[in-house]
Structure formats: C-alpha cells, structure tokens
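Notes for the one structure printed next.
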Amino acid sequence: MPQTRRRFLRFAGTSGLVLAATAIGGGAAFVATRRPDKALAPWETAGQAYDDPRLRALSYAILAPNPHNMQPWMVQLDGDDGFTLLYDLDRMLPETDPFNRQIVIGLGCFLEIMRMAAAAEGLRADIQLFPDGEPEPLLDGRPVARVRLMRDGNVVPDPLFAHLFDRRSTKEPFDTSRPVAREIFAQLEAVAGDGVAVGTLQHADEIAAMRELTWQAHMIEVETPRTYLESVEVMRFGKAEIEASPDGIDMGGPLLEALNHAGILTRKSLSNMTSSSYQQGVELYRRIIHSAMGYVFVSTQNNSRTEQIAAGRDWVRINLSAVQQGICVHPLSQALQEYKEMHTKLDDVHEMLGQRGRRVQMLARVGYGPAVSPSPRWDLKHKLIL
C-alpha cells in the first residue's frame, strides 16, 4: 500500500520471516545483512567530504521530505558561490499529483534545509525564486531558484537544524493512550512564516472526524487503479532494489524482503486488488490512520508556486519542531490531491479545517510512535548537473 513500511503484512509474523528466510537460504545471516547501507549512507555523511560550502549545504538538503521519496531535485553549480535548483521531469507523480503541487512543496523543503545548513556555517543564502517565471499549469523545466551563499556575520544558526538527522515520516500506528499536550501543538503552530498559516486539530471530536475523512480519502486513492498503481510502480523491494534505486517507497528490511523472496509480497501481488497482500495492506493502513492523536496543517492564501515553496519551507520546520518536542509526524496527502475522484474530499477537508478560500498545502497526523529508519537517498553526486 502507499507509504507502508516495516509492519506491512503482520499476518506473516516472526515465524513467517523465519520460514521465508530459511526458504531462500541463510536464515540469520539473511536477516543480519538486509540493511541497505549504501542507500542510507547520505544520512551518515552529510556535511562531510566536501571542501565547497555549497556542496556541504546541499548534502544536507537531499535529506528533505518529498512526495513518495521521488527526490526530484537537480542542481547546477554556478560560478564560485552559486547554484541553480532544477528538477527531473521524469520524477513526477502525474496521477496523484497532476499539477506537481506536492513536488514543488518538496522542493521548498529542500531549500529550507539548505538555508539552515548554510546558516550553521555563517553563510547567508540569497534565494531568487522562479527567476524565469512560475511554471504553470505544470512544471516545464524552468528553474525553481537561483541561490548564492555569502559569508555574513549577522547570520544566526537555526536551532531546529540540530534535529535534522532524527526527522522521519512515521508510517506506523501511534500510541492512542498518550495524548499530545496543547503546549506541543502551540510549538508546531509557532513556526509559520510570512504568508503561510499553520493550524492544528486537538479536540477529540475534531480528531475523530478527521480520522474518518482521511481514511475515506485513502480508500479513494487505493481503490482507484491508476492512482494506486502509481504507488506500486515506485515501490522498491529489498536491499538490492533499494540500493539500485534509492528513491520511491522503501519496502525493505528483513521481514519484507523475505516475504518478497517467498513470493508473498511482490509488485504483482500488490497490483492485484483482490489479493491478500492488498487486503492486509488496507487493514494496516486503517489502523495507522485511526491512531492519529491530533493533526497539523499548512495553508496559504492562494496556490502559486511561490506559496507552495513557502509551504514546503514551513513544512520541514514543523517536522523538525516535532522532533524537538518528541512527537512523530505522518503526512496524509490523499485528501489534498487534485484528481477528479478526490474533489469532494478536497472540499471537505477545507471545510473541516476552516480554510475555505485558502489552499491547504499539507496535512499530517501527529502522536507518539516507534522509532523508524530513515528513507533511502541518492548520493549528492547523482543530483549534480556537470
């Protein structure tokens, strides 16, 4: 299922893992060697091995959250102190993100982490957004931004940057016995920048209603073949696939890889919407969505590309603030998508959040959850245009 991770197909259990691993040989050795170290290396090496401060800042920026982990960013270095942020048009999500809105938000996350990384070294990032105009209605190759990094004694490091390596999108059930304190919601709301509003849902009746709305939106996405299959097509099964293409939806770890080798969890089985794999995924996601202990959202006055970038910059700050407060965040983007089957839910979510006349750009459930691994990443060298 879209974004499903470590506890997918719980029916297999530990015994299922042992049987599947034994069936393909290696047993404990198989389990011990399934971590995709190469694909996770960018999390461990960010800020290292580069003399150029632009590359150091960019090596942090590639850890930014982005839809389906597509990592669409591309960078061209300009002169001695600048770069141009571009994108790969082959890394779009035309079915679930038909106007590239979510992709642009992810590029905003990239820019904000880059800015924070530069500030940590006393560098000011001068960012000129869409220097050749805002690409509409689709991204068309025009650059997102031109950036220069300059030494500035007035630059103040951002304390949120210290939490970057612990940022996750926690796609697991949250602890429904632990409420989120009002003070934590207030901290999340406090990160809003110019032109962006951050709001929360905290009351039990609001949470119950949003659980149901986001569940209905999720079911629309997974019961619409073309939108569901878009997710299946970018799933990466097991260490070999993940390290060969460290983007898309990570279906790694010893349990999932063993199930894949045993033929239980495959791209073919998930593509069959009558299969047990599909049905188990639906049930897992029902539990995930209905464990929300509150919500945070980002909205803008309109829906320009510049506002989408601003929403992304604030979105990653919300993520880092959540880490600082010790809670988990899991984006639920389905109800915000623009394809025709979702139009009613798109209207409903704006109504429920009191945002009619504005554009809700991001919505996420929050709560207390388990520690999860970071998402795989392409190394920076694969994202440079030479």
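Sequential numbering from 1 along the given sequence is applied to the chain's residues. These figures come from a predicted structure and were not determined experimentally.
Of the possible donor and acceptor atoms, one in the side chain of Arg168 sits under 3.5 Å from a partner among the backbone N and O of Phe165. In this structure a side-chain-to-backbone donor-acceptor pair under 3.5 Å is missing from Lys345 to His343. Side-chain atoms of Arg54 come within 3.5 Å of backbone atoms of Gly82 as a donor-acceptor pair (strictly under, hydrogens ignored). The backbone N or O of Asn303 lies less than 3.5 Å from a partner atom in the side chain of Gln308, making a donor-acceptor pair. Arg356 places no side-chain N or O within donor-acceptor distance of the main-chain N or O of Glu351, the cut-off being under 3.5 Å. The backbone N or O of Thr266 lies less than 3.5 Å from a partner atom in the side chain of Ser269, making a donor-acceptor pair. In this structure, the side chain of Arg167 engages the main chain of Leu63 through a donor-acceptor pair within 3.5 Å. Proximity of a side-chain donor or acceptor of Asp250 to a complementary backbone N or O of Gly248 within less than 3.5 Å is not detected. With hydrogens and angles disregarded, no donor-acceptor distance shorter than 3.5 Å links the side chain of Arg142 to the backbone of Phe130.
For Gln71, the side chain to side chain donor-acceptor pair (under 3.5 Å) criterion is met by Asn69, not counting sequence neighbours. Gln128 is linked by a side chain to side chain donor-acceptor pair (under 3.5 Å) to nothing, counting only residues two or more places apart in sequence or in another chain. Scanning for side chain to side chain donor-acceptor pair (under 3.5 Å) contacts around Thr45 gives an empty result, with sequence neighbours left out. Partners of Gln202 according to the side chain to side chain donor-acceptor pair (under 3.5 Å) rule, which considers only residues two or more places apart in sequence or in another chain, are Thr200. Residues meeting the ring pair (Phe, Tyr, Trp, His ring centres under 6.0 Å) test with Trp215, sequence neighbours left out: His218, His290. By the ring pair (Phe, Tyr, Trp, His ring centres under 6.0 Å) test, Trp73 is found to be paired with Phe110, residues two or more places apart in sequence or in another chain being considered.
We find that Glu341 and Arg226 are joined by a salt bridge, their nearest charged nitrogen and carboxylate oxygen being less than 4.0 Å apart. The pair Asp81-Arg148 meets the salt-bridge criterion, since a charged nitrogen lies less than 4.0 angstrom from a carboxylate oxygen. Classification of Arg313 and Glu112 as a salt-bridged pair holds, one side-chain N sitting under 4.0 Å from a carboxylate O. For Asp132 and Arg146, the salt-bridge test passes: some basic side-chain N is under 4.0 Å from an acidic carboxylate O.
Ser291 and Arg211 form no side-chain donor-acceptor contact under 3.5 Å, judged by distance and modelled atom types alone. Defined by atom type and a distance below 3.5 Å, a donor-acceptor pair is missing between the side-chain atoms of Thr84 and Gln76. Side chains of Thr274 and Asn272: a donor on one and an acceptor on the other come within 3.5 Å. For the residue pair Ser299/Gln361, the side-chain donor-acceptor check at 3.5 Å is not satisfied. Counting only N and O atoms by type, the side chains of Ser321 and Gln187 include no donor and acceptor under 3.5 Å apart. Inspection of the Asn302 and Ser304 side chains reveals no N or O donor paired with an N or O acceptor under 3.5 Å.
Residues Leu255 and Leu259 have side chains in contact (heavy-atom distance under 4.5 Å, counting atoms from C-beta outward). Using a 4.5 Å heavy-atom threshold, the side chains of Val349 and Thr214 count as separate. Counting heavy atoms from C-beta on, the side chains of Leu85 and Pro143 never come closer than 4.5 Å. The shortest side-chain heavy-atom distance between Tyr295 and Leu353 does not fall under the 4.5 Å cut-off. The shortest distance between side-chain heavy atoms of Met70 and Val234 falls below 4.5 Å. Looking at heavy atoms from C-beta onward, Asp126 lies out of side-chain contact with Val147 at the 4.5 angstrom threshold. Tyr339 has its side chain within reach of Glu221: a pair of non-hydrogen atoms, C-beta onward, lies under 4.5 Å apart. In this structure the side chain of His330 reaches within 4.5 angstrom of the side chain of Leu332, judged on heavy atoms.
Taking CZ of Arg91 as the reference point, atom CG of Leu93 lies at 11.0 Å (rounded to 0.5 Å). Atom-to-atom distance recorded for Asn260:CG and Lys239:NZ is 15.0 Å, nearest 0.5 angstrom.
Residues Ile62 and Ile103 are members of one and the same hydrophobic cluster, defined by side-chain heavy-atom contacts under 4.5 angstrom among Ile, Leu, Val, Met, Phe, Trp and Tyr. Hydrophobic clustering (side-chain heavy atoms under 4.5 Å, transitive across Ile, Leu, Val, Met, Phe, Trp, Tyr) groups Val232 together with Ile264.
The other residues sharing a hydrophobic cluster with Leu86 are Met74, Ile385, where clustering joins ILVMFWY side chains under 4.5 Å apart. Applying the under-4.5 Å side-chain rule to Ile, Leu, Val, Met, Phe, Trp and Tyr, the cluster around Ile318 extends to Ile105, Val180, Ile184, Phe185, Leu188, Val191, Val196, Val198, Met293, Val296, Val298, Trp315, Ile327, Val329, Met362, Val366, Tyr368. Hydrophobic clustering, defined by side-chain heavy atoms of Ile, Leu, Val, Met, Phe, Trp and Tyr closer than 4.5 Å, groups Leu138 together with Phe99.
Residue Met273 comes nearest to Tyr278 through the heavy atom pair O-CD2, 3.2 Å, listed as atom of the first residue, atom of the second, then distance. The nearest pair of heavy atoms linking Leu139 to Arg305 is N-NH2, 3.9 Å. Nearest heavy atoms, Phe174 versus Ala292: CD1-CA, 4.5 Å. Of all non-hydrogen atoms in Pro65 and Val316, the two that sit nearest each other are CD-CG2, 3.7 Å. Across all non-hydrogen atoms, the minimal contact from Gly252 to Ile242 is CA-CD1, 3.6 Å.
Residue Asp80 qualifies as open at atom CG: its count of foreign heavy atoms under 6.0 Å is 12 or below.
Between Arg35 and the choices Glu257, Glu243, Glu44, the salt bridge (charged side-chain N to carboxylate O under 4.0 Å, His left out) rule is met once, by Glu44. For the side-chain contact (heavy atoms from CB on, under 4.5 Å) criterion with Thr227, the lone passing option out of Met342, Gln334, Glu95 is Glu95.
The salt bridge (charged side-chain N to carboxylate O under 4.0 Å, His left out) pairs that include a residue from residues 367-386 number zero, where partners must be two or more places apart or lie in different chains. Among pairs with a residue in residues 96-108, those fulfilling salt bridge (charged side-chain N to carboxylate O under 4.0 Å, His left out) read Arg101-Glu338, at least two apart in sequence or across chains.
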Could you list the donor-acceptor pairs under 3.5 angstrom formed between side-chain atoms of residues 150-164 and any protein atom two or more places apart in sequence or on another chain?
{"unit_1": "Arg151", "atom_1": "NH1", "unit_2": "Glu121", "atom_2": "O", "d": "2.3"}
{"unit_1": "Asp152", "atom_1": "OD1", "unit_2": "Asn154", "atom_2": "N", "d": "2.8"}
{"unit_1": "Asp152", "atom_1": "OD2", "unit_2": "Arg124", "atom_2": "NH1", "d": "2.7"}
{"unit_1": "Asp158", "atom_1": "OD1", "unit_2": "Leu160", "atom_2": "N", "d": "3.0"}
{"unit_1": "Asp158", "atom_1": "OD2", "unit_2": "Arg115", "atom_2": "NH2", "d": "3.1"}
{"unit_1": "Asp158", "atom_1": "OD2", "unit_2": "Arg317", "atom_2": "NH1", "d": "2.5"}
{"unit_1": "Asp158", "atom_1": "OD2", "unit_2": "Arg317", "atom_2": "NH2", "d": "3.3"}

